[in-house]
Amino acid sequence: MQLMSGNEAIAHGAWEAGARIGVAYPGTPSTETMETFGKLEGVYAEWCTNEKVAVEVGLGASAAGARVLSTMKHVGVNVAADPLFTSSYTGVGGGMVILAADDPGMYSSQNEQDSHWYARAAHIPMLDPSDSAEALSFTREAYDLSEKFDVPFMIRSSVRVSHTKTPVELGQREERPLRAYQSDPAKWVMMPAFAKPRRKVQLSRDDELEAWAETCAYNRVEAGTDGGKRGVVCSGAVYQHVKAALPDAAVLKLGCTWPIPQKLVSDFAESVDELYVVEEASDYLTTEVRAAGVAVSAFPNELPRDGELSAGLIKHAFGMADPTFEPKPADVPNRPPALCPGCPHRLVFKELNRIKAIVTGDIGCYTLGALPPLSAMDTCVDMGASVSMSHGFELALAGTEHRPVVAVIGDSTFAHSGLSSLISTVYNKGVGTVCILDNRTTAMTGRQGNPFNGETLQHRPSRELDLIGVLKALGIENVQQVYPHDAKAVRAALKQATKEQADELSVIVFKAPCVLLERHREPAYFVNANCRSCGSCTTLGCPAISRDAETGIAAIDPALCIGCGQCAQYCAFDAIEQPNGTQSDSSKGAN
Ligand SMILES: Cc1ncc(C[n+]2csc(CCOP(=O)(O)OP(=O)(O)O)c2C)c(N)n1
């Protein structure tokens, strides 16, 4: 018995079931699953450029007879949706399990969509563990089920299940030889003539799955002690909160959330006076329970429709006083996230703010460039959207006097989906400026490898793509590579690129490693007696820099400063220096 997070447990469940191939694109809260799987004996695991690619690679390996694990966060399922929907037509070869890790409460996501809807829409059965032991056993058994029903199985977790450590009993690996591959176009070539009969296979499989769900051991009724007054239908992490909030209520815990066992649900409803559905940031289960012909009772107080639930919130919804329940903690200071000290992204945003560009942003650490004091981002929607949305801005603003339009995208995000957006812009003779912030890693999700740094998940031999070569090959002539810690170089590059942009497309690659990659520190800078309290160093938003509330004099925290020298370049008074007395050589005048 050992403590393990849900993510680690899913990886071990797949390993015990003999999965030999792992394919993923990182994304919180799913990332550690593939990182754990890749360290286990006898498996091959890789980061793919995006989730669609991952599911397709996985489906190919499954068709060839291997058991496969594919993992992604909830928004990754959007990207993978195309192969996902047709995979329930083709079915599988070797068992295939896909983790969709949801983020109710949006701790690190742009939305809090509920992956249950995907399972239902794509006709892919979904299992919903509520702790790590279930995460392991559901995943392990999902492989047999996948092969039995000839369809991928989805495991749905949420941030609470993925990241909470609970006890797990590990088992042995069951080696699974490849299932023999035989060409079968009627199963795998989804052109209309073959897809039509496979659609019927899908629908009759749905019927079989519905019958199976009624007897599935993952769906269980836990009797209440309140004399049959209240019954609650729930799943996943919410089950734990319900048990804590309502220890007396009867509970129908659904471990299989698509398809739901309609008869079991209505029998359960019959056994209690009032039937409630408690779920997080969604009305999926409520809709499904109602579709089973069951009346769902309203809560005495409203249960939040968005965000993560807690035992306190559930108690409140049921009209129970809970001394630990605080609708909103009043006196907790706000601690907005910020780019790290020494982050190579910082000066790009400082300079974009300065030229008052319209900045279409993207998803990564650099999204923090939207926040004060950098405040240099107008949009951020989904991965790759910076490049396509800037093209949209240029189309709409064409022929008008307008501020420069600049897309900002990270290296991993560029490989994920920015590249196809850029090809579309080039093809349509689009204009504007694209900044690729190449910090040599996928920093936001924990520094995974990507095609532009050539690091692979299991450190196998790889190829590092030549980013400048790729851009040149697309026919983009105005391409610059710039060192982003040099304020004057950043400024000059943006000036050159945006000046030309009325009639051409320009790309600037800002290339310097993420500070967390090498963890290299130079001696910390300090503020000397020259400080005039102008505050320009604090406009960089570096967490190491603060100002005295009364005098306005700046101070640098030596424990946080890594000696990057960015701030010294913005001090017009030589007030920021290193212990050896050197100011940055491009100091003075960047501001
Ligand atoms: C479709 C999708 N998949 C995964 C994620 C999780 N995610 C957010 S940003 C990011 C990559 C960021 O890397 P990069 O573009 O190199 O920027 P950096 O964080 O290094 O600055 C990932 C994987 C997501 N938000 N959406």
Side-chain angles (χ1 to χ4, degrees), residues 23-35 47-55 70-82 84 98-103 106-113 115 118 159 162 337-340 342-349 361-370 374 377 380-388 407-422 434-455 457 464-465 467 484 509-518:
V23 280
Y25 183 70
T28 312
S30 72
T31 313
E32 308 78 20
T33 317
M34 197 51 70
E35 289 176 332
W47 295 126
C48 301
T49 44
N50 64 42
E51 296 84 351
K52 174 181 184 291
V53 172
V55 168
S70 182
T71 64
M72 62 202 67
K73 70 182 289 171
H74 61 302
V75 283
V77 185
N78 300 336
V79 178
D82 203 0
L84 195 68
I98 300 167
L99 165 68
D102 289 2
D103 185 10
M106 293 177 276
Y107 292 98
S108 48
S109 307
Q110 67 268 37
N111 73 25
E112 58 175 2
Q113 70 189 40
S115 295
Y118 268 107
V159 69
S162 277
L339 294 173
C340 300
C343 175
H345 300 334
R346 178 169 282 107
L347 300 192
V348 176
F349 289 103
D362 223 300
I363 305 198
C365 289
Y366 51 88
T367 315
L368 294 172
L374 295 168
M377 195 172 285
C380 171
V381 177
D382 66 295
M383 291 190 82
S386 58
V387 180
S388 8
V408 178
I409 186 166
D411 48 340
S412 183
T413 306
F414 184 66
H416 179 280
S417 41
L419 184 55
S420 57
S421 298
L422 190 60
V434 175
C435 295
I436 302 177
L437 308 189
D438 181 3
N439 60 354
R440 322 298 300 131
T441 191
T442 311
M444 174 110 187
T445 43
R447 303 186 298 283
Q448 292 75 26
N450 71 52
F452 293 112
N453 69 9
E455 273 284 319
L457 197 151
E464 177 182 331
L465 260 72
L467 180 51
V509 176
F510 291 103
K511 186 169 176 178
C514 166
V515 283
L516 297 179
L517 271 187
E518 293 164 3

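Residue numbers count from 1 along this sequence. Both counts, for ligands and for their atoms, begin at 1 and track the order of listing.
Under 3.5 Å, the side chains of Q113 and N111 contain a donor-acceptor pair of N or O atoms.
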Worked check of side-chain hydrogen bond (donor to acceptor under 3.5 Å, both in side chains) between S412 and T442: CA-CA 5 Å; S412 183; T442 311; 3.1 Å; yes
Evaluation steps, side-chain hydrogen bond (donor to acceptor under 3.5 Å, both in side chains), between H74 and E112: CA-CA 8 Å; H74 61 302; E112 58 175 2; over 6 Å; no
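Proximity of a side-chain donor or acceptor of T367 to a complementary backbone N or O of D362 within less than 3.5 Å is detected.
Using a 30° and 60° split on the angle between ring planes, H345 and Y366 fall in the perpendicular class, above 60°.
For D102, the side chain to side chain donor-acceptor pair (under 3.5 Å) partners two or more places apart in sequence, or in a different chain, are S115, R156.
The residues lining ligand 1, counting any heavy atom closer than 4.0 Å, are Y25, P26, G27, E51, K73, V75, G76, V79, Q110, H345, I363, G364, C365, Y366, M383, G410, D411, S412, T413, H416, N439, T441, T442, A443, M444, T445.
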